[in-house]
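Just so it is clear: chains get the letters A, B, ... in the order the sequence lines come, proteins before strands, and each one is counted from 1. Values in this document were obtained by computation on a predicted structure and should not be read as measured data.
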There are 2 protein chains.
Amino acid sequence: MPKPPRSTSRARKPVPAPAPQEQAARHNTTRAAHAAEIAEDYAETIADLILRDGSARVTGLAACLGVSHVTVVRTLARLAREGLVVVRPYREVTLTPKGRAMAGRAKHRHEVVLKFLKALGISPAAAEADAEGIEHHVSAETLRAMERFVVA
Amino acid sequence: MPKPPRSTSRARKPVPAPAPQEQAARHNTTRAAHAAEIAEDYAETIADLILRDGSARVTGLAACLGVSHVTVVRTLARLAREGLVVVRPYREVTLTPKGRAMAGRAKHRHEVVLKFLKALGISPAAAEADAEGIEHHVSAETLRAMERFVVA
DNA sequence: CGCGACCGGTAGCATAGGCTACATTCCAGT
DNA sequence: ACTGGAATGTAGCCTATGCTACCGGTCGCG
């Protein structure tokens with residue numbers, strides 16, 4: 001049970017217009033969403049490294065993601081728990097089918113967003129940077145619209 | 001000193017193409033960025049509530065942000081430390097000039113992104129949802145491009 | 001075929017956001 | 001005035017991401 005937002009009223013001092021705040025609750029999901037974004041970043045990066053180097057290693061991931069290898073190890077442990085990656089001590093990191101699917105979706109979204117931003121006239125550097133931030137927040141509907149726009 | 005990403009090579013088993021990973025390091029900023037996003041959400045929401053109700057209260061913020069009042073109280077303490085808000089126990093929350101500036105910027109970006117998505121043909125509901133996620137990741141350059149697009 | 005260097009793992013700490021349960025304050029309406 | 005219940009605040013716990021230091025493993029090369 002998500003717990004209904006409560007009635008809100010009972011104005012103490014001012015509050016001229018109580019007005020129910022049903023426009024709320026779009027923010028939640030916040031924390032879980034953040035963890036999911038990180039999962040996508042890892043999946044995408046692992047797939048890239050495998051393509052580029054033949055295998056993904058902790059150190060390479062750390063370099064690509066801009067964090068310490070310690071953070072990578074710990075986060076990989078979480079992703080392994082979630083069934084996205086396979087980790088064997090001192091060996092390469094691989095993706096499970098589920099992880100590969102996530103990586104594929106992430107890569108596709110990333111490319112679409114990037115092309116879209118460039119098509120909008122954004123400089124390559126800024127487009128790259130913004131795509132990184134934006135890609136995780138694009139719904140299926142918006143993604144389709146972006147694809148249409150790029151083609152057109 | 002950000003610490004140079006190390007040489008990366010010294011391939012153990014496979015690694016056909018070592019290839020330096022200078023394309024990395026765009027991911028960092030991650031954690032700090034997340035905290036900054038939340039600050040913007042709070043600033044924007046506080047400004048909205050003051051406009052709408054005449055004052056911003058903890059409970060109203062909690063409802064709007066979809067979190068418990070406890071989380072709001074603690075986050076407000078951080079924002080107060082950072083000089084964005086003024087909190088007096090059991091009283092309304094107000095914005096400092098710095099907080100008002102942040103709220104203004106956030107609101108503007110939010111509106112631009114929202115109009116932009118709608119102009120792209122996204123349904124209002126999806127546009128609202130995506131704007132929430134996207135707005136924090138739009139650079140000044142991309143924002144300008146979106147404004148141009150909306151006007152055109 | 002041993003060993004040093006680099007890679008990967010562990011310990012331990014910090015910050016941040018979330019929560020429930022419980023304590024406190026405040027004010028509207030008797 | 002009092003007081004009950006809503007609004008706030010506090011205590012204490014959890015997870016997740018970061019980090020630095022330090023320890024243990026592997027393997028390429030001499």
What pairs of nitrogen or oxygen atoms, one from the protein and one from nucleotides 10-15 of chain C, lie under 3.5 Å apart?
none

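Scanning for salt bridge (Lys or Arg N to Asp or Glu O under 4.0 Å) contacts around B/Lys107 gives B/Asp48, B/Glu111, with sequence neighbours left out. Qualifying side-chain hydrogen bond (donor to acceptor under 3.5 Å, both in side chains) partners for B/Glu40, counting only residues two or more places apart in sequence or in other chains: B/Arg109, B/His136. Residues meeting the side-chain hydrogen bond (donor to acceptor under 3.5 Å, both in side chains) test with A/Thr142, sequence neighbours left out: A/Ser139, B/Asp130.
Under the 3.5 Å distance criterion, with hydrogens and angles disregarded, no donor-acceptor pair is assigned to the side chains of A/Glu135 and A/His108.
Atom pair A/Glu37:CD and D/dA16:C1' shows a separation of 13 Å (rounding to whole Å applied). Atom C1' of nucleotide D/dT17 and atom NE2 of A/His34 are separated by 8 Å, given to the nearest angstrom. The CZ-P distance, from B/Arg88 to C/dT24, rounds to 22 Å in whole Å. Atom OH of B/Tyr90 is separated from atom P of C/dC27 by 11 Å (rounded to the nearest Å). Rounded to whole Å, atom P of C/dC7 lies 16 Å from atom CG of A/Leu76. Summarising the geometry, the separation between CZ on B/Arg57 and C1' on D/dT8 is reported as 9 Å, rounded to the nearest angstrom. One interatomic measurement links the two molecules: CG of B/Leu84 to P of C/dA16, which rounds to 13 Å at whole-angstrom precision. The nearest whole Å value for the distance from the CD1 atom in A/Ile38 to the C1' atom in D/dT15 is 12 Å.
When the side-chain nitrogen and oxygen atoms of A/Thr71 are compared with OP1 and OP2 of D/dC19, one or more of them lie within a distance under 4.0 Å. Applying the 4.0 Å criterion to OP1 and OP2 of C/dC27, one finds that B/Arg91 has a side-chain N or O inside that range.
Side chain of B/Glu141 to backbone of A/Ala126: no donor-acceptor contact under 3.5 angstrom is found. Although no hydrogens or angles enter the test, the distance criterion places a donor-acceptor pair under 3.5 Å between the side chain of B/Thr96 and the main chain of B/Leu84.
Nearest nucleotide to the side chain of B/Ser68, out of C/dT20, C/dG9, D/dG18: C/dT20.
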Mind listing the side-chain donor-acceptor pairs of residues 73-81 of chain B below 3.5 Å, one per line with the distance, residues two or more places apart or on another chain?
residue, atom, partner, partner atom, Å
B/Thr75, OG1, B/Thr71, O, 2.9
B/Arg78, NH1, B/Glu82, OE1, 3.2
B/Arg78, NH1, B/Glu82, OE2, 3.0
B/Arg78, NH2, B/Ala35, O, 3.1

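Both A/Pro89 and B/Ala56 sit near DNA chain D, but only B/Ala56 has its closest nucleotide nearer the 5' end.
B/Ile46 and B/Val86 are not part of a single hydrophobic cluster, where members link through side-chain heavy atoms under 4.5 Å apart. A/Val113 and A/Ile38 end up in different hydrophobic clusters when Ile, Leu, Val, Met, Phe, Trp and Tyr side chains are linked at under 4.5 Å.
In the helix from C/dC1-D/dG30 to C/dT30-D/dA1, the rotation axis of the first five pairs and that of the last five pairs differ in direction by 10°, rounded to 10 degrees.
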